[in-house]
Amino acid sequence: MSSLLVDDIGELVTNVAGSGAGGPLGLRRDVALLVEDGRVAWIGPTRDAPAADRRIDAGRAAVLPGFVDSHAHLVFAGDRATEFAARMAGRPYTGGGIRTTVAATRAATDDDLRATAHRLRAEALRQGTTTMEVKSGYGLTVADEVRSLRIAGEVTRETTFLGAHVVPAEYADRPDDYVGLVCGPMLHAAAPYARWVDVFCERGAFDADHARAILTCGQAAGLGVRVHANQLGPGPGVRLGVELGAASVDHCTHLDDADVDALAGTARPDGTGTATVATLLPGAEFSTRSPYPDARRLLDAGVTVALATDCNPGSSYTSSVPFCVALAVREMGMTPAEAVWAATAGGARALRRDDVGVLRPGARADLVILDAPSHLHLAYRPGVPLIRRVLHDGVLL
């Protein structure tokens with residue numbers, strides 16, 4: 001059994017409630033952490049640290065759980081930098097550029113798609129993201145959705161079937177036929193490679209009836225539910241997700257009181273937030289110059305909030321969770337502690353995982369050592385590469 005000791009930790013974010021006087025982040029100070037065979041085995045005062053095969057001196061720096069990015073699109077081809085430039089010049093975002101990426105993705109080879117997915121996953125890992133959800137959705141044919149999920153499965157176990165991203169051009173006048181394809185042959189072929197099913201329930205994409213049909217078919221195939229909801233304007237997506245017991249409803253930019261009440265109504269029996277998580281994606285608002293979601297309103301209502309990157313080539317081409325943490329604090333009414341929790345434990349809740357996003361004995365040994373004394377610096381020093389070291393499954397990267 002191999003062991004690794006990380007000691008002289010100045011501030012440890014555990015996300016374990018009741019860890020001393022550490023508040024929601026379960027902060028502990030002047031501690032060490034022992035890793036054995038990819039799991040956290042012990043946490044305690046540095047002076048009591050056990051012997052280990054190897055040692056890392058944290059140098060009084062802060063240590064956090066690895067970030068959990070619960071919403072990303074890494075399997076694609078092409079580039080939409082020109083579209084971004086046009087938005088910066090004043091053109092509004094409508095979501096229509098997705099079809100541009102669909103065309104490029106269909107034309108790409110498996111090796112092209114694989115290279116992009118692996119490059120972006122490695123980029124995210126260097127920035128502290130140790131768990132990442134990856135969606136399909138840029139193929140929109142049976143064969144292209146299956147190959148997208150196969151490639152996604154090379155970089156994560158958290159794969160999501162998003163055949164209902166948009167209606168592809170060849171079905172533009174026959175949306176009912178496309179929904180039939182998604183619910184039938186496409187889902188049948190894709191389900192073995194996916195853990196989740198997702199729908200872009202939005203104007204210009206899929207209405208409530210079509211979204212409900214696809215999501216319930218996905219549930220019947222054994223997949224968990226996620227929903228792109230209320231990004232471009234008010235709509236039925238959030239309440240549909242709640243109705244179907246979704247693990248997460250994502251974007252949540254335009255919410256009314258009924259949406260917030262619906263999310264709050266999924267409160268967990270133990271009083272620790274909600275069963276359906278509101279996953280906020282501030283990188284998309286940054287890149288589209290859209291209004292930011294009101295995280296404060298959700299948090300004050302008792303809703304569990306996660307932060308994720310929405311990494312994709314059109315509306316949020318960032319793989320940096322620290323950047324999203326800084327945006328959430330600056331633009332969305334979150335405290336630094338709330339944002340860090342949302343990017344770690346919140347993301348884990350959105351994936352219904354209890355082995356990541358926390359640091360406690362038995363959890364996966366996914367952690368980051370900051371080049372800073374406190375988690376506060378993630379928002380305090382935006383744009384600065386503060387991730388000094390990353391430990392993933394107990395392996396030092």
Side-chain angles (χ1 to χ4, degrees), residues 69 71-109 112-124 126-127 129 132 134-140 144 148 152 162 165-169 172 198 200 202-205 228-233 235 250-254 279-294 307-332 379 381-385:
D69 187 349
H71 184 126
H73 308 250
L74 305 189
V75 185
F76 64 85
D79 179 291
R80 283 158 60 189
T82 301
E83 176 189 321
F84 172 79
R87 284 200 304 274
M88 295 305 101
R91 192 177 80 188
Y93 177 70
T94 65
I98 292 170
R99 292 188 178 88
T100 302
T101 301
V102 169
T105 301
R106 288 178 177 180
T109 67
D112 291 336
L113 299 179
R114 180 172 290 112
T116 297
H118 282 264
R119 173 178 61 82
L120 290 171
R121 182 65 190 96
E123 183 180 280
R126 289 194 300 271
Q127 296 174 91
T129 297
M132 199 168 197
V134 177
K135 305 178 190 294
S136 67
Y138 290 122
L140 309 187
D144 286 306
S148 293
L162 184 58
H165 202 177
V166 294
V167 177
D198 196 348
F200 190 24
E202 197 71 62
R203 66 175 186 266
H228 282 63
N230 299 58
Q231 177 188 6
L232 303 180
D250 299 19
H251 287 290
C252 296
T253 310
H254 299 274
T279 299
L280 309 183
L281 310 168
E285 280 72 43
F286 177 87
S287 183
T288 61
R289 282 189 169 162
S290 300
Y292 285 90
D294 187 350
L307 289 174
T309 64
D310 193 18
C311 183
N312 76 83
S315 62
S316 184
Y317 203 6
T318 180
S319 58
S320 175
V321 171
F323 172 63
C324 293
V325 167
L327 285 179
V329 173
R330 173 64 179 83
E331 302 288 350
M332 289 160 44
R381 305 194 67 207
V384 177

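Index from 1, following the sequence.
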What is the distance from atom [atom1] of [X] to atom [atom2] of [Y], rounded to the nearest 0.5 Å?
{"X": "H73", "Y": "T101", "atom1": "NE2", "atom2": "OG1", "value": "10.5 Å"}
{"X": "L281", "Y": "H251", "atom1": "CG", "atom2": "NE2", "value": "5.0 Å"}
{"X": "E331", "Y": "L280", "atom1": "CD", "atom2": "CG", "value": "13.5 Å"}

Only counting residues at least two apart or in another chain, list the ones meeting side-chain hydrogen bond (donor to acceptor under 3.5 Å, both in side chains) with [X].
{"X": "T100", "result": "none"}
{"X": "D69", "result": "T309"}
{"X": "T109", "result": "D112"}
{"X": "E285", "result": "T253"}

Quick one: side-chain contact (heavy atoms from CB on, under 4.5 Å) partners of [X], sequence neighbours excluded?
{"X": "D79", "answer": "A81"}
{"X": "Y317", "answer": "F76, R119, L120, C311"}
{"X": "R330", "answer": "none"}
{"X": "V102", "answer": "I98, R106, Y138, L140"}

Check your understanding: With a 4.5 Å heavy-atom cut-off, do V134 and R121 have their side chains touching?
Key ->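 No. Closest side-chain heavy atoms not under 4.5 Å.
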Review point. Hey, are the side chains of Q231 and E202 touching, using non-hydrogen atoms and a 4.5 Å cut-off?
Key: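 Touching, per the 4.5 Å side-chain cut-off.
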Determine the minimum heavy-atom distance between [X] and [Y], stating which atoms define it.
{"X": "S287", "Y": "M88", "value": "O-CE, 3.3 Å"}
{"X": "L232", "Y": "R203", "value": "O-NH1, 2.9 Å"}
{"X": "P282", "Y": "L307", "value": "CD-CD2, 4.1 Å"}
{"X": "F200", "Y": "L162", "value": "N-CD1, 4.2 Å"}
{"X": "P293", "Y": "C252", "value": "CB-O, 3.6 Å"}
{"X": "C324", "Y": "A308", "value": "SG-O, 3.8 Å"}

Practice item. Any pair with a residue in residues 81-90 that passes salt bridge (Lys or Arg N to Asp or Glu O under 4.0 Å), sequence neighbours left out, goes on the list, sorted by first then second residue, please. Key: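 Qualifying pairs: R80-E83, E83-R87.
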Check your understanding: Can you name the ring pair (Phe, Tyr, Trp, His ring centres under 6.0 Å) partners of F286, sequence neighbours left out?
Key ->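 With sequence neighbours excluded, F286 shows a ring pair (Phe, Tyr, Trp, His ring centres under 6.0 Å) to F323, given in chain and number order.
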Review point. Cut-off 3.5 Å, side chains only: do H71 and D310 have a donor facing an acceptor?
Key: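 There is such a pair between these side chains.
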Practice item. Report the residues that fulfil salt bridge (Lys or Arg N to Asp or Glu O under 4.0 Å) with D198, sequence neighbours left out, ordered by chain and then residue number. Key: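 By the salt bridge (Lys or Arg N to Asp or Glu O under 4.0 Å) rule, D198 matches K135.
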Check your understanding: Can you name the salt bridge (Lys or Arg N to Asp or Glu O under 4.0 Å) partners of D144, sequence neighbours left out?
Key ->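 D144: salt bridge (Lys or Arg N to Asp or Glu O under 4.0 Å) contacts with R147.
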**Study point:** Whether R99 side chain and V167 backbone form a donor-acceptor pair below 3.5 Å
**Key:**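 Looks like yes, one N/O pair under 3.5 Å.
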Practice item. Output yes when a side-chain donor or acceptor of D250 lies under 3.5 Å from a complementary backbone atom of H228, and no otherwise. Key: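 Not confirmed, D250 side chain does not pair with H228 backbone.
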